[in-house]
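See structure below.
Position 1 is the first residue of the sequence; numbering continues from there.
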Amino acid sequence: MMKKLYRKYIYKARLKNAFIVADIVLTFKKGDTTIKRYPSIAATYEQKDYLEYVFYLPQGLNPKALLDKKYIFSQTFGHSYDLTGNGLRYSLKIFTKQADSIKVYNDEDIEVCLKGGLPIVAGYDHFNKLISYNMVTDPHLLIAGETGSGKSVMLRVILTTLLIHKRHMIDFYLADMKRTEFHLFRNCEGVQQVITDKKKLKKAVLAIHKELEGRGDLLDEHGLEHIDEYNKLKGIEKKKYILLCIDEVALLRKEAVIMDKIEDISTQGRALGIFLILSMQRPDAKILDGQLKSNLTVRYAFRHADLINSNITLGSGNNVDASKINKAEKGKFYMRHEVIKQLQAPYLSLEHAKELLEPIKQVPIDLPPEPMFEAEITDFSIPGEDHE
Ligand SMILES: Nc1ncnc2c1ncn2[C@@H]1O[C@H](COP(=O)(O)OP(=O)(O)OP(=O)(O)O)[C@@H](O)[C@H]1O
């Protein structure tokens with residue numbers, strides 16, 4: 001009993017000290033006296049995997065004073081924490097146990113992610129909840145991390161999930177610049193092209209860019225703002241979403257035309273239903289310079305080489321360092337979405353993915369190659385479109 005009380009005292013003292021050090025305080029004058037009110041710690045609960053604090057901000061203290069200084073929690077307790085609250089009452093959970101290192105991809109958890117939009121799977125949080133987000137609202141994703149940190153498995157998870165559950169909504173263009181992974185998706189329904197060389201990629205990117213411009217014109221003509229609105233019109237041919245996924249985009253750093261068009265897609269793709277997933281080992285400041293980087297609003301940072309690289313991917317000043325992820329912690333990453341969270345990617349082996357994709361494999365037909373990308377570079381039409 002005594003021990004427990006003492007522990008609670010120590011816990012409270014640590015959090016109180018954090019408030020003092022970060023100056024999370026309401027200061028006001030009463031007569032000649034300056035009064036300081038720190039948040040009041042109402043309770044501490046020791047749970048199996050975490051320690052929870054409940055605290056209240058003093059009335060009159062802008063919650064921004066707390067949220068701007070959240071860094072103090074990672075400085076005091078490490079990165080495994082979760083802060084939630086309503087402007088007055090807050091819960092701060094400090095996780096004492098790391099989540100299990102392997103979470104096998106399973107239908108039950110994926111099912112929960114499938115409601116609404118285009119679900120992009122991320123990973124398990126501290127509550128063992130599989131987090132995902134909607135690509136229609138957050139259209140472009142960057143995945144970065146050192147070799148062997150889990151990027152390819154992550155892409156396998158994302159693409160397999162989309163192919164199995166949402167292929168009727170998307171045309172997939174998958175560019176595998178390392179020629180290692182995407183053969184898995186060849187001949188799957190929905191996959192328009194698996195591309196492994198720069199020349200073909202250039203044609204594909206130019207064609208997608210042409211489609212981007214065409215869709216822009218269509219929206220202008222109809223006075224609409226989003227391709228989803230266009231698709232609700234009667235008597236039109238619906239436009240599917242287009243997903244361009246490029247593994248190891250850094251190999252394209254000298255390809256000015258490709259990079260230029262990709263930047264355009266990143267700027268205009270949201271409204272036009274054309275989305276990007278780009279992955280790279282080392283976050284390349286040149287490639288990620290300027291517009292493209294700011295348009296890749298969702299970022300997954302697996303283990304990075306150092307803090308400088310981590311800052312390129314996640315942004316600086318957030319007190320998160322993806323180089324601190326241990327080499328043995330495969331599939332662990334920071335997701336930058338609305339906030340930065342540490343997650344554990346589901347593990348999907350190649351064999352398991354093959355098994356899942358088997359029912360949607362089409363028998364390859366020995367026909368001449370797709371006209372869209374094999375034709376002369378002047379032919380930028382998208383298959384399935386009507387042409388005069
Ligand atoms: N989510 C995960 N859970 C458990 N283990 C994983 C996970 N992701 C990857 N691994 C393990 O790490 C190994 C390397 O992963 P992966 O091939 O995805 O790395 P990578 O970042 O793509 O590397 P490279 O850039 O060299 O291709 C996998 O073969 C697997 O054993």
Side-chain angles (χ1 to χ4, degrees), residues 1-101 124-129 131 301 307 310-311 314-326 328-329 332-344:
M1 180 66 183
M2 210 39 217
K3 256 187 179 170
K4 193 171 175 190
L5 278 176
Y6 180 67
R7 274 205 311 274
K8 288 206 164 203
Y9 170 79
I10 297 288
Y11 293 150
K12 277 193 172 186
R14 282 186 83 187
L15 182 58
K16 197 167 174 197
N17 191 52
F19 291 143
I20 294 169
V21 173
D23 211 23
I24 300 170
V25 64
L26 177 73
T27 309
F28 59 95
K29 282 252 181 209
K30 208 170 186 183
D32 287 343
T33 329
T34 303
I35 298 186
K36 285 188 167 214
R37 288 238 161 95
Y38 289 95
S40 70
I41 304 165
T44 57
Y45 302 108
E46 282 181 286
Q47 306 289 4
K48 191 164 144 272
D49 297 336
Y50 61 89
L51 167 71
E52 181 180 13
Y53 291 102
V54 175
F55 63 87
Y56 288 82
L57 294 191
Q59 224 173 17
L61 180 65
N62 187 337
K64 205 168 168 295
L66 171 74
L67 301 179
D68 283 352
K69 291 178 178 168
K70 276 199 309 193
Y71 64 83
I72 194 62
F73 300 129
S74 49
Q75 283 180 354
T76 309
F77 302 106
H79 285 299
S80 300
Y81 77 84
D82 187 45
L83 178 72
T84 50
N86 60 9
L88 183 66
R89 182 187 187 277
Y90 283 86
S91 154
L92 173 68
K93 294 191 173 102
I94 311 294
F95 295 90
T96 46
K97 198 177 131 203
Q98 291 298 336
D100 297 342
S101 58
Y124 289 89
D125 69 6
H126 293 290
F127 301 102
N128 244 336
K129 181 172 171 235
I131 304 294
L307 178 62
S310 172
N311 284 344
L314 292 169
S316 51
N318 52 46
N319 205 40
V320 174
D321 180 357
S323 71
K324 293 266 162 62
I325 297 172
N326 199 300
E329 295 175 317
K332 182 162 284 181
F333 68 104
Y334 288 105
M335 175 193 192
R336 193 186 112 165
H337 184 214
E338 281 136 9
V339 291
I340 298 181
K341 283 185 190 152
Q342 195 179 72
L343 301 174
Q344 174 65 40

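- The two atoms that bring Val320 and Leu307 nearest to each other are O-CD1, 4.2 Å, heavy atoms only.
- Contact between Asp321 and Ser323 at its shortest, heavy atoms only, is OD1-OG, 2.6 Å.
- In this structure, NZ in Lys8 is found 7.5 Å from OH in Tyr45, a value given to the nearest 0.5 Å.
- Between atom OH of residue Tyr11 and atom CD1 of residue Ile94 there is a gap of 11.0 Å, rounded to the nearest 0.5 Å.
- Aromatic rings of Phe77 and Tyr53 (six-membered ring for Trp) have centroids within the 6.0 Å cut-off, being under it.
- With rounding to the nearest 0.5 Å, the separation of CG in Leu51 from CD in Glu46 is 6.5 Å.
- Looking at Lys36, its side chain never comes within 3.5 Å of a backbone N or O of Val25 through a donor-acceptor pair.
- The nearest pair of heavy atoms linking Ile41 to Lys16 is CD1-N, 3.9 Å.
- Here the straight-line distance linking atom CG of Asn128 with atom CG of Asp125 works out to 7.5 Å at 0.5 Å rounding.
- Annotation: the span from Phe55 atom CZ to Leu83 atom CG amounts to 5.5 Å, rounded to 0.5 Å.
- Contact record, Ile24 with Ala65: CG1-O, 3.9 Å, taken as the closest heavy-atom pair.
- Legend: salt bridge (charged side-chain N to carboxylate O under 4.0 Å, His left out) pairs involving residues 51-66, not counting sequence neighbours, sorted by first then second residue: Lys64-Asp68.
- With rounding to the nearest 0.5 Å, the separation of CZ in Phe19 from CG in Leu66 is 6.5 Å.
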